[in-house]
Each structure stands twice: as structure tokens, then as C-alpha cells.
Student: 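Below is the structure I would like to discuss, written out as C-alpha cells.
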Amino acid sequence: MIYSGHTLISFFGLFFHRMWLLITGQLPFEALVSDEIQILVLSCVAISGALVGTFLVLRRMTMLANALSHTILLGIVVTFLLFHTLSTPILLIAALVTGVVTTFLTEFLSKVIKLQEDASIGLIFSIFFALGIVLVSLFSRNGHVGTELVMGSADALVHADIKGVAAILGVNLALFFFLYHAFKITTFDPQLARTMGFSPLLLNYLLMVQTSATAIGGFRVVGVVMILAFFVIPPLAARLLTHNLVKLIWLSVAIAVSSVVIGVALSRHCLTCFGVGLSTGGLVVCVLGLIYGCVALTNRLSKTILAPS
Amino acid sequence: MNLIDYFTDPVLRGPTIGSMLMCMVAGLVGVLVFVRRRSLLGEALSHATYPGVTGAIVIAALFSIERALPFMILSGAALSAFAGYWLINVLERRLRVTADAALCAVLALFFGLGITIASFAQTSFSSYFRKIQAYLYGQAATMSDIHIVLYTALAVVVIGAIILFYKEILALAFDRAFATSLGLPMQGIRILFISLVILSVVISIRSVGVILMSAMFIAPATAARQFTNRLSRMFMLSGAFGALSGLVGILLSTRYALPTGPTIVLVAGTCAFYALLFAPDRGLVMRYMRAVRFRTLQREENLLKALWRLHQKGEQEFDHSLLRLRLRGWVTKVGAKYRLTPKGLVRGGQIVRLHRLWEVYLVSALGLGVERVHTSAEEMEHILTPELEQRLTKLLDDPKHDPHEQPIPSRAEVMRT
């Protein structure tokens, strides 16, 4: 292993050197090692998450994202039972169906049956998730699957996983590039959007499908619960720093990617210096939390210092 | 193995009674959360207990204090849930984060921290790691008599608090302004509320697990709400649904070797969906069937009303009217059954078309309010001539629906001569 024995600082040195070699073509794609695969996969997930999450936070739809990150399990299980494969295109179809079904059922409960919105979301996702877990344990008879689903397993990643999450990132980037205007208007002024011919409802569904695609890309690495941190924390931290939408998106992406790199480096550092292997996904989420804490603190301090003048 | 064994067998009674107690408490507190419309608070707080649980187990492993473990886990979980609640408030109040994002942020961050600690335990104290795993999806099987005592005590505390502060809970749930004007200590009640929520989360994660805990807050309360409008009855029903889900869940999970927590949640969810669809008063299917029955009744009574009005003119007039309809060839009598003739069908459709066309005209061309056009149309439907109908159709661009969204019979169908 190239990275074994490296501490925090030397990890960064080696990582950026090898990435430079990769970009300039001196290092073949197949020569990437585990730590680099983790960083690349997590970065793709983190960028997708930050992009989608920015709009989720602004539209106050984060709880639906939480619901989706749970319901995709049922989507994946059913897909696997039907097609016996988990290739990327099939998974994307599963994401599409799960996103639409979850959103539709939640809306059905809250609009038609008139159950509180909170309760509708909670009821749907917990039942779906429970059903998913029961199906998994029925068909696999393996107690560890459930644990891995929520803990993620960054060590099991292979080269092909990079392509999968990169494809999802590509779709997300393309959608936000071409529909940026529509997303912006439906987020901030649904009335105006409607008169201009953009349907906020349609874009809600699209955003939900993107959320579930991103969650499906990421759940294997960080698990179904922690993927939520990738959606919520970067936009919240960026939100403290700017009020401009474009800057908000760039900052979220930057925060997300840097916490991924720091998280993976920390995981390696702990293994080198203390001999403990910590969950990479968990560490990345902790770093995200620390970054948010620092931003919030400096924000507060600068406010109290600058306020009197 | 029969049902009674589950309560008497020394191995089985721990999981069975323990799960029932836990789920009952969750059902009771779920009502509180439900009426305050904070259903997803349970989701955030249950995940927030996880670093406390894992932290307690790691500390116990470091100092090898096996005996105090259940109590350490309970207090660790409670502490970190309180920290989570505090952080939610800081995010919402100080940092102006929206409520949903604050819940999600705390949920994900605390869970991430918990997972990191868990992964530390996995490599360093692998024998304790199994205990940590049990709290993810719940594991009732290893509960013993000491757990029954512990959870009974905690359940008594929760029930006692609900009975003792019932009035305050009622006021807080439904009319906060009124409660404040009565001089009730709102801050104290809020602390009571959150303490009860955290207590019940801490009690129940052992059987349901942190991931699916929130379902036990939502599902029994949702089901109970469908059957009653009274808070006291809702508490009782929800507690009963919770206990029942705990029992049936344990039975199914031991019989078919399914994970405990998800099975309990599925049972509770099935209850909730059954109630949402089939509860006598509020169930969707029942509501729909009532609407259909009402529309049938309305139709019958409208016909009866028309006949009654005719009858008011005298019995002779009644017979003559029906006879005139038959003589005009609109109605015919085949055996004992009355039928509309083709001519009657056309003429009836014509009248309805003229009525609705006129309503459209009044609303769209003259700008009258939708609710004011019916009376005028009741007269005009008998006056309008085919020529006027033609001009109206042209002017209004042959509308398909009237202002009340009722279909207008098409021209081809009813206007042939």
C-alpha cells in the first residue's frame, strides 16, 4: 500500500502529487489505490450532494431527502430481486421510481388523507425502510447487511465505483447547468415561476429523483443516514458566508470536497499513528460538522467584533 | 409454543414484556409529539442518542465495567439526546436555520459521530461491537428480568407524568395563548415535554433501534388519531397500539427469525395504514363510501321532492302531469317500469344544454359571479330558441363545461330536430 505509514501532512503531499500525475496522464487510471478511490468516489457524491442539497435546503425539503435516503433501500432490494443485478443504469431506474413513489405517497398522505406533513414523511420512510431491512434479511440471511447499510464501507470500493458516481454527478451537473434558471425561480418565487411556465411541482419531483440518485450513489460508501450530512451541512455552512446563490453553490461544493479529502486523510492518519481504523464516512461527517462549527463561530465572533463599529 | 409461554417462559418473557413496555411508552409519548406537530423531532433525537450509546459502551470497555453497562448506556443516550436537542435549538434560534434543516443536520452529524465511535469499538473491542450493533435495529432477544424491572419503572414514570400534567399537556397541545394567559409555566412544560420524549427514546431504542425509532412515535399515534377526537382516549389507544405492535412484532420476529425492530415497525405501520383507510369515522375508504351513499340519497330525494311538489297540486294534477309527459312521447311505461323515450332523452339533454350554456354566457360574457347564475338559467332554459342556442354556441366558442364544472351535453347529441 502506497499510503500506509503516512501521516496527515505527508498524505496531502503524496495525494496531490499523484493526482497531478493522473491528470497529466503519467499515472494510469487503473493504478489508483484504495485511498484515492475513496476520495474520488466520496468527492463525486459530495459534489452531487452539495448541488442538490443547496436547493433542498432553500426549498425546505431536507426531510424529504432524509425520507428518500431511507426508501432507496427498498428500491434497491426490489430491483435486485427483479433483475438480479445492481449495475448503474438499473440503479438509476430504481432511483427514479423510488424518488417518484416516495414523493407521491407522502403527498398523498398529507393532501388526500390530510395527515400532518411531518407524520406523512415519517410514516412512509420508516415503513419502507423496515420493509427493506426485513426483505434483505429474509433473502440474504446475513445479519451484517443491515449494519453495513447504515455504516457504509469505504474500504470495499473498486475502480468501477468511480465511474458510477461520476455518471450520476454528470447527470446532476448537466441538469443544474441547463435548468439553473428554472430551479432558481421555482425556489424563490413559485408564483412567478408558474406564470412563466415552469412547474414548481415538476421540478420538485425532478429534485427528488436527483436526490435519490445521489443517495443511491453514496449509500454504499457512507450509509443511508450519513448521506444526509452531504446534502444538508455544506449548504448550511455556505449559507452563513454568502447570500448569493451562485457563490452559495460554489462554496457548498468547496466545503464538501475539502471535508472529504481531510476526512480520508484523517482516517489514514489515525491508522498510521494510533493503529485504529475509523469509519471513513463517519470521519468525513465529523469533519463536515467541525467545519460548520468553525464557520458558525467565526461568523458570530466577527459579528460581535464588527457590530459596535 | 402458545401465547402464554411468551409471558411465562424465563427466556421469552424478557423480550416480550420488555418490548411491549417500550413500545407502549413510545406510543404514549408519540401522542404528545403528534399533537404538537413535531413528529420528526423523534427521528432527530433517536439518531442523536447513538454517540451516547456507543460512547458509553466504549468507556465501559476501556475501564471494563461490565456490570453498570445498562445504566451507563441509558444515561449516555439521554445525555447525547439532550445535547442534540440543545444543538437543534441553537441552529434554529441563533443561526436561523429552518426547522427541517436543523433536525436533519443534527441527525446526520450525531449519527456520523456515533458511527465513528462504533468503528473505533469495532477494531479495538470487537466483543463489545455486537452490543453496539444491537442498538441500530434493536435486539430484544437478550433482554432479561432485570430489563423488565428497569423498563417497568421508566414506563411508570412516563405514565405518571402524563396523568399528573394532563391539563398542562392539553393546554400546550391545543391552545398555547390560552395556556399562557392561565399563567401556566410554559418553559417548565416545554422541558417536561422534551424530557418525556428523550426518556421514551432512551427506553425504546433497545427494542426498535435508533434508525426506526421515530416510526414508533408516529405510527401508533396516527392510528389512534383516526379513532377518536379526545386526547385522553388517544393516549390510551396509542399506548395500546404500541404495546400490541411490540407483542406481535416479537412473535413474528422470533417465529420467522426476522430483525426485531423492523418487524415491530412493520406491524405498527400496518396498523396505521389500516386505520388511515378503514377507521369508521375518518378512514379514507369509509369517507369515500359515505360520499357515494350521500350522492345516491341526494339523487333519490331530489326526485322525491319533484314528485312531492307535483303532488301538492292535487292528486289529479299529479296523474295528469305524468300522463302529459307520456302523451308528448318523452316518457313511456314498459310493464311496471318507466323509461325515457329517445325523444325524451333528446329534449332533456336540450334543456340541460340550454341551462348550462346560459350560465356560461352569464359568467364569461356578462361577468356575473358563479353562485348567482343558477336562478336565471332555471327560467332561460325553457325560453331559449334553437336560433339563440346557435348564436350562444358561436359566441362562447362551444364550451364543454359550465361554470360549476359540469359537462354540457354536446350539440350533435341534443340539438338535432
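None of these values were measured; they are calculated from a predicted model. Letters A, B, ... mirror the listed sequences (proteins, then strands); counts begin at 1.
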Student: Mind telling me whether B:Phe227 and B:Phe241 have parallel, tilted or perpendicular rings, with 30° and 60° as the class edges?
Tutor: tilted

Student: Heavy-atom count check: over 12 atoms from other residues, nucleotides or ligands less than 6.0 Å from B:Arg290 CZ?
Tutor: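 Above 12, so yes.
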
Student: Show your reasoning for whether side chain to side chain contact (heavy atoms under 4.5 Å, CB included) applies to B:Thr54 and B:Phe120.
Tutor: CA-CA 10 Å; B:Thr54 52; B:Phe120 172 63; over 6 Å; no

Student: Chain A: which of B:Ala215, B:Gly269, B:Cys104, B:Ala101 shares the most heavy-atom pairs with it under 4.5 Å?
Tutor: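 Counting heavy-atom pairs under 4.5 Å, the top option is B:Cys104.
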
Student: For chain B, find which of A:Ile124, A:Leu115, A:Val57 contributes the most heavy-atom pairs closer than 4.5 angstrom.
Tutor: A:Leu115

Student: Looking only at heavy atoms and a cut-off of under 4.5 Å, which of A:Ala65, A:Gly289, A:Gly277 has the most pairs with chain B?
Tutor: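 Of the candidates given, the most pairs with chain B belong to A:Gly277.
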
Student: Examine distances only and state if a side-chain atom of B:Ser204 and a backbone atom of B:Val201 form a donor-acceptor pair shorter than 3.5 Å.
Tutor: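 The answer is no, because no donor-acceptor pair under 3.5 Å joins these two groups.
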
Student: Any side-chain donor-acceptor pair under 3.5 Å between A:Asn204 and A:Arg59?
Tutor: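 A donor-acceptor contact under 3.5 Å links the two side chains.
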
Student: With a 4.5 angstrom heavy-atom cut-off, could you sort out which part of B:Ala272 is near chain A: side chain, backbone, both or neither?
Tutor: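 It is the side chain, since no backbone atom gets that close.
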
Student: Quick one: what part of A:Val232 sits under 4.5 Å from any heavy atom of chain B, side chain, backbone, both or neither?
Tutor: side chain

Student: Which bit of A:Ile233 comes within less than 4.5 Å of chain B, counting heavy atoms only: side chain, backbone, both or neither?
Tutor: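 Contact with chain B is through the side chain of A:Ile233 alone.
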
Student: Under a 3.5 Å threshold, yes or no: a donor from one side chain and an acceptor from the other, between B:Thr98 and B:Asp100?
Tutor: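 Distance-only check passes for B:Thr98 and B:Asp100.
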
Student: Out of B:Ala118, B:Ser119, B:Ala102, B:Ala105, return the one with the most heavy atom pairs under 4.5 angstrom to chain A.
Tutor: B:Ser119

Student: Could you check whether the rings of B:Tyr274 and B:Phe278 sit parallel, tilted or perpendicular, using 30° and 60° as the cut-offs?
Tutor: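 Correct class here is tilted.
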
Student: Which atoms of A:Val112 come close to chain B, meaning under 4.5 Å heavy atom to heavy atom: side chain ones, backbone ones, both, or neither?
Tutor: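 For A:Val112, backbone and side chain are both near chain B.
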
Student: Picking from B:Thr116, B:Ile264, B:Leu41, which has the most non-hydrogen pairs under 4.5 angstrom with chain A?
Tutor: B:Thr116

Student: Is there a side chain to side chain contact (heavy atoms under 4.5 Å, CB included) between A:Tyr292 and B:Leu109 once you walk through the steps?
Tutor: CA-CA 10 Å; A:Tyr292 183 80; B:Leu109 281 181; 5.6 Å; no

Student: Which bit of A:Phe231 comes within less than 4.5 Å of chain B, counting heavy atoms only: side chain, backbone, both or neither?
Tutor: neither

Student: Which of these, B:Leu103, B:Val33, B:Ile194, B:Leu40, sits in a side-chain contact (heavy atoms from CB on, under 4.5 Å) with B:Leu45?
Tutor: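 Looking at B:Leu103, B:Val33, B:Ile194, B:Leu40, the match for B:Leu45 under the side-chain contact (heavy atoms from CB on, under 4.5 Å) is B:Ile194.
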
Student: For the candidates B:Leu277, B:Val90, B:Ile218, which exhibits the highest count of non-hydrogen atom pairs separated by less than 4.5 Å from chain A?
Tutor: B:Ile218

Student: Counting only heavy atoms from other residues, nucleotides and ligands, does the tally under 6.0 Å from CD of A:Glu117 exceed 12?
Tutor: no

Student: Please state whether the side chain, the backbone, both or neither of B:Leu284 comes within less than 4.5 Å of a heavy atom of chain A.
Tutor: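 Only the side chain of B:Leu284 comes within 4.5 Å of chain A.
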
Student: Tell me, side chain or backbone of A:Ile113 under 4.5 Å from chain B's heavy atoms, or both, or neither?
Tutor: both

Student: Find the one option among B:Val265, B:Ile211, B:Thr270 whose heavy-atom pairs under 4.5 Å with chain A are most numerous.
Tutor: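 Max contact count across the listed options: B:Ile211.
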
Student: Does any backbone or side-chain atom of A:Leu131 lie under 4.5 Å from a heavy atom of chain B? Answer side chain, backbone, both or neither.
Tutor: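 Contact with chain B is through both the backbone and side chain of A:Leu131.
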
Student: Between chain A and each of B:Leu266, B:Leu95, B:Leu107, count heavy-atom pairs under 4.5 Å; write down the option with the most.
Tutor: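 Winner by heavy-atom pair count: B:Leu266.
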
Student: Do the side-chain N and O atoms of B:Arg225 and B:Ser238 include a donor-acceptor pair separated by under 3.5 angstrom?
Tutor: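 Side chains of B:Arg225 and B:Ser238: no pair found under 3.5 Å.
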
Student: Checking heavy atoms, do the side chain of B:Phe273, its backbone, both or neither come under 4.5 Å from chain A?
Tutor: side chain

Student: Heavy-atom distances under 4.5 Å only: say whether B:Arg287 touches chain A with side chain, backbone, both or neither.
Tutor: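 The answer is the side chain of B:Arg287.
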
Student: Is it the side chain or the backbone of A:Arg300 that comes within 4.5 Å of chain B heavy atoms, both, or neither?
Tutor: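 Contact with chain B: side chain only.
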
Student: Regarding A:Thr71 and A:Thr102, do their side chains bring together a donor and an acceptor under 3.5 Å, going by distance alone?
Tutor: yes

Student: As a test of understanding, state which of A:Thr103, A:Leu68, A:Leu105, A:Thr106 forms a side-chain contact (heavy atoms from CB on, under 4.5 Å) with A:Ile121.
Tutor: A:Thr106

Student: At a heavy-atom distance under 4.5 Å, which candidate from A:Asn66, A:Val225, A:Leu64 has the highest pair count against chain B?
Tutor: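 Top count of heavy-atom pairs under 4.5 Å with chain B: A:Val225.
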
Student: For A:Leu109, is it the side chain, the backbone, both, or neither that has a heavy atom closer than 4.5 Å to a heavy atom of chain B?
Tutor: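 Side chain only.
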
Student: Heavy-atom cut-off 4.5 Å, strictly under: side chain, backbone, both or neither for B:Leu91 against chain A?
Tutor: side chain

